[in-house]
Amino acid sequence: MALSGKLDVLFTKIEDLLNMARANSLWPMTFGLHCCAIEMMSSAASRFDLDRFGAGVFRPSPRQCDVMIVAGTVSRKMAPKIKMLWDQMPAPKYCIALGGCASAGGPFVYPGQYAIVEGVDKIVPVDIYIPGCPPRPEALVNGILMLQDKIRNKNKAPIKLPEEPAKGKGA
């Protein structure tokens, strides 16, 4: 009931209501591969606090998760395990590539290399790309917020965050 004494009625589609609920209750999987995992862990700590955005409950089981945050270098030996975990996640599911290694292979890409996958998007579909080596926890928080906007707006195209400028001695 509104202050004027009249009833306020809001009409919406049930799909929009479900997308709003999905966006505000993301459950990421505990899945850190290399050095970016430290940044992922610190983003859930009290200083950056992913709980404020509804994404702070990291789950150990893929059957309880809807967001896979791939943090670090993906080796060819690990690729089938990533695909298996992705397949066990219930739909709708989303993937965030955290760092340069998860996005494109990072500094480990060179002619003739055989051990590193050049981006997790070769294994699972990625929704948000977060650049950096390692990316700051604020970048992951920003990526979570962008994923929430993407879910609310039903955007299907992957999103890449802009690269942060390198800070020199004068900056």
List in chain and number order the residues that pass side chain to side chain donor-acceptor pair (under 3.5 Å) with E138, two or more places apart in sequence or in another chain; answer none if no residue qualifies.
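Listed in chain order: R136.
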
Quick check for you: to the nearest 0.5 Å, what is the distance between [X] atom [atom1] and [Y] atom [atom2]?
X    : Y    : atom1 : atom2 : answer
S43  : I69  : OG    : CD1   : 6.5 Å
K150 : I128 : NZ    : CD1   : 5.5 Å
L147 : L140 : CG    : CG    : 10.5 Å

Only distances under 3.5 Å count here; give the side-chain donor-acceptor pairs of residues 106-120 to other protein atoms, sequence neighbours excluded, each with its distance to 0.1 Å.
residue, atom, partner, partner atom, Å
Q113, OE1, A115, N, 3.2
Q113, OE1, I116, N, 2.9
Q113, NE2, I116, O, 3.0
Q113, NE2, E118, OE2, 3.4

Output every pair passing side chain to side chain donor-acceptor pair (under 3.5 Å) with a member in residues 75-86, not counting sequence neighbours, ordered by first then second residue.
K83-D87

Contacts of C36 meeting side chain to side chain contact (heavy atoms under 4.5 Å, CB included) (sequence neighbours excluded), chain-then-number -> A71, L98, P134, P135

Could you walk me through whether D121 and Y129 pass side chain to side chain contact (heavy atoms under 4.5 Å, CB included), step by step?
CA-CA 10 Å; D121 56 353; Y129 293 91; 3.0 Å; yes

Counting C-beta onward and ignoring hydrogens, is there a side-chain heavy-atom pair between [X] and [Y] closer than 4.5 Å?
X   : Y    : answer
M68 : I82  : yes
M89 : L85  : no
L26 : I151 : yes
V70 : I96  : no

When the side chains of residues 52-67 are checked against the rest of the protein, which donor-acceptor pairs come out under 3.5 Å, sequence neighbours left out?
residue, atom, partner, partner atom, Å
R52, NE, D49, O, 3.3
R52, NH2, F48, O, 2.7
S61, OG, R63, N, 3.3
D66, OD1, W27, N, 2.7

Which hydrophobic side chains are connected to M41, either touching it within the sub-4.5 Å cutoff or through other members that do?
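Members besides M41, by chain and number: I38.
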
